Novice: 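Before we start, here is the structure in question, set down as structure tokens.
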There are 2 protein chains.
Amino acid sequence: MPKTHIIKDVFNDDNASGVALKNKVLKKLIFKYLDQTDASSITDLSKELLISVPKTTSLINELIVEGLIKDYGKIDSTGGRKANMYGLVSDACFFIGVDVKKYYINIGLLNFKKQLVTQKNRIPYKLENTQESLNQLIQIIQGFIKEQSVKKDKILSIAINLSGRIKNTIGYSFSFFHFQEEPLSVIIQNEIGIKTFLENDSRAMAFGECNFGEVNSERNVIFVNIDYGIGLGILINNEIYYGKSGFSGEFGHIRFFDNEIICHCGKKGCLETEASGNALIRKFKEKIGQGSTSNIIKKNKMLDNITLTDIIQAAKDEDVLCIELLAEVGEKLGMGLAAMINVFNPELIILGGTLSETGDFLRLPIRSAINKYSLSLVNSDTELRLSKLGEKAGILGACLIARNKILSVL
Amino acid sequence: MPKTHIIKDVFNDDNASGVALKNKVLKKLIFKYLDQTDASSITDLSKELLISVPKTTSLINELIVEGLIKDYGKIDSTGGRKANMYGLVSDACFFIGVDVKKYYINIGLLNFKKQLVTQKNRIPYKLENTQESLNQLIQIIQGFIKEQSVKKDKILSIAINLSGRIKNTIGYSFSFFHFQEEPLSVIIQNEIGIKTFLENDSRAMAFGECNFGEVNSERNVIFVNIDYGIGLGILINNEIYYGKSGFSGEFGHIRFFDNEIICHCGKKGCLETEASGNALIRKFKEKIGQGSTSNIIKKNKMLDNITLTDIIQAAKDEDVLCIELLAEVGEKLGMGLAAMINVFNPELIILGGTLSETGDFLRLPIRSAINKYSLSLVNSDTELRLSKLGEKAGILGACLIARNKILSVL
DNA sequence: GTAATATCATAATTTTTTTTATAAACAAGC
DNA sequence: GCTTGTTTATAAAAAAAATTATGATATTAC
């Protein structure tokens, strides 16, 4: 018995022509509409697709038999007879999203209806550019799949978030695990046996936040992933913007300063050298070296092992030095974002990533720098909001990308 | 007799439903396809729209009767009987594009088939923020319309390029002619009696260049309008990117420098203060003040009245000072463009605007600054090309925008 | 130059879809 | 609790569109 996916069986139109092809296309459109609206009546679908009610009914019935759609029962009430509502079958198929961070992995399972079924956070892991690290990543994913009650062949795809440059079309990573010529996504896919895609972490977070967070009508959104490094996820017209090869959003390596700090990209004067988690830690160490005091040090932490988490916690505990340094970093970051505002005129900028947990300690200096360094006519358009999803943005984004890669080609 | 446009009569589907509505929609799709392909056979259209040949034939015949489409005769040859090709009727309707520059106006008339019928360049005009200047602009447009052999009611729309901030959706200009609450486009429209739209000059040039210049498959393109100021026209997926309110592309006012030069936007350190035609003229005057020599000055030109045209001509005549200054400006501009490359990962950057006439004197320093200041993985993707259309880009862009505003709502 | 092959255009036939009609389901008003 | 107005769902009738068939037109091979 050949392994086939339900989705392909229903929508594959290679051998269809004429009326049969038309029906396949109409079914895709019905699926797309139900995907957007969660549930619809036959009358709605009929109006939307410009086909008659009887025709719509027969297509819906076929989709029900094929197992993709089901009758949700009578919900609506507009004065007359209640309409039967139809929508996707939630467990028709599933998708996995993997969010790989520097020191841990978050992983989740999404169903056909875009609901997060399982979620496993902060699985210990160390992201290094080695074969062992890659093997461990694969093992974690395989372990997660085994734990699920869902049959493996119902999982149609996996999307993995990685930081750095990623050519998402071919699934090649230029920053991690590029030991072989074969794209990383293919290597993982061969190991696990499920179609696998790669995505840049900031882009995935942006996508997650805009689809599951408190983003409503905004369609041109910039998401800033403020972590050890800084990344940008750009959504234009509610779609991820990739650029030619998927390298869009390399915001951290814009040359903004005349300093002599060598960035990990090899160049000098990058925004990231003054406005990032790494910059924050460097500045902190410098200040302590110059005799400043901080609650963190009082707590006998070794200065060398200071992490971003420590500084975030210190700021929350009202540590003055950390708050000052956050303001300094925020000011620089705001200047960078001011440039983005001038050029993009976005409706919304979302501050996400670990460092955004510091909330207004970071947001307010960013806002004032934005007002200072961008055209007021333009920046008055732009709302600056903190991420609502926090860590969850990455998983949700990855899951949704895994799903879309399979379904959006329909 | 009420004044109605042929386009509206044919495509208006307000009172249609069922099969009639479906046919209207199909006719729109036929129009769109013919608009893209110039000419197609019934077989092509039938395959494209998934409708049978007889059905396609009857829709085509209706469109012919309605005057929008005509039979181009037999062109194709694929081994069998030649197919009749159908396409748009070139003189079904017309559109006007007006490119308003600082010291002159270019204006053109486009037909239904996207062909430039008439073109009038360098009509003397001084763009000032006064009622007189606005009146003069209106008179020039009215004069142009009278000169045409085309009946006025066949001209469906006008698009006007202006520099500065423009809210294109409502046709309001924040930089010129904003004396009244009513949007500028409405004021002009009421005077002339033809539907009028406003567009930012750099965006219109970008659009013109990408649709009529030597831009082929590239779909993510940045066009730099290098004139007295600098502007950016961004095309994403071959469509003009506007941002929330149409203020996208304010590239010149990114804060890149620590200098004390006050930009005309009111802020300090803007890219435009070091990388623009105005900056070039300022630098030139400074150098002459410091005792440098140049061919232009030898020619007894008053230093105060130096224009960009003089400097461009001098550079073409191998004037060393001007070439050096162009390199300096190019270096700064390249640094700014490096930022755009990092963030946008575009396939193509086009150098346009008056100053781009200096060709490689400007392009080469820009290219080397791009390589210096952006990630090599990203910048190796980006081609840097000089505008092929030059001054024509603005007119063509405006004409096409006028046309699209009317036709793309279909 | 003619036969073989291929595509196109239209007419005739068949199938599909829409329209119209009717019954059922529900809410609101009296 | 019954009538009235509204909407949904299905059945029957009518219309529309897709197939199929046929002749016309063109290219290519011999």
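Note that the structure is predicted; figures quoted are calculated from it, not measured. Letters go in sequence order (proteins before strands), and every chain restarts at 1.
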Novice: Under the criterion side chain to side chain contact (heavy atoms under 4.5 Å, CB included), I'd like the reasoning laid out for Asn238(A) against Val215(A): C-alpha separation, chi angles, the key distance, then a yes or no.
Specialist: CA-CA 10 Å; Asn238(A) 213 23; Val215(A) 177; 5.8 Å; no
Novice: Within the 3.5 Å criterion, strictly below it, is a donor on Asn111(A) or Lys154(A) matched to an acceptor on the partner's side chain?
Specialist: no
Novice: Taking atom C1' of dA9(D) as reference, at what distance in whole Å does atom CG of Asp71(A) sit?
Specialist: 12 Å
Novice: I'd like to compare against my own output: the B/S/- annotation of nucleotides 17-23 of chain D with a strict under-4.0 Å heavy-atom distance to protein.
Specialist: SBB---B
Novice: Drop me the distance from Leu63(B)'s CG to Leu26(B)'s CG, to the nearest 0.5 angstrom.
Specialist: 10.0 Å
Novice: dT27(D) phosphate, OP1 or OP2: any side-chain N/O from Lys82(B) under 4.0 angstrom?
Specialist: yes
Novice: Answer yes or no: is there an ion pair linking Glu199(A) with Lys405(A), defined by an N-O contact shorter than 4.0 Å?
Specialist: no
Novice: Could you give the CD1-to-P distance, from Ile42(A) to dA11(D), as a whole number of Å?
Specialist: 13 Å
Novice: Can you check the Leu59(A) CG to dT18(C) C1' distance for me, whole Å?
Specialist: 14 Å
Novice: With a 4.0 Å limit, can you tell me whether Asn84(A) has a side-chain N or O closer than that to the phosphate oxygens OP1/OP2 of dT8(D)?
Specialist: no
Novice: Hey, can you tell me if Phe31(B) and Phe112(B) have their rings parallel, tilted or perpendicular (30° and 60° cut-offs)?
Specialist: parallel
Novice: Can you tell me the distance, in whole Å, between the NZ atom of Lys74(B) and the P atom of dA26(D)?
Specialist: 6 Å
Novice: Separation of Glu62(B) atom CD from dA16(D) atom C1', in whole Å?
Specialist: 13 Å
Novice: Among side-chain atoms of Ser90(A) and Gln115(A), is any donor-acceptor pair under 3.5 angstrom?
Specialist: no
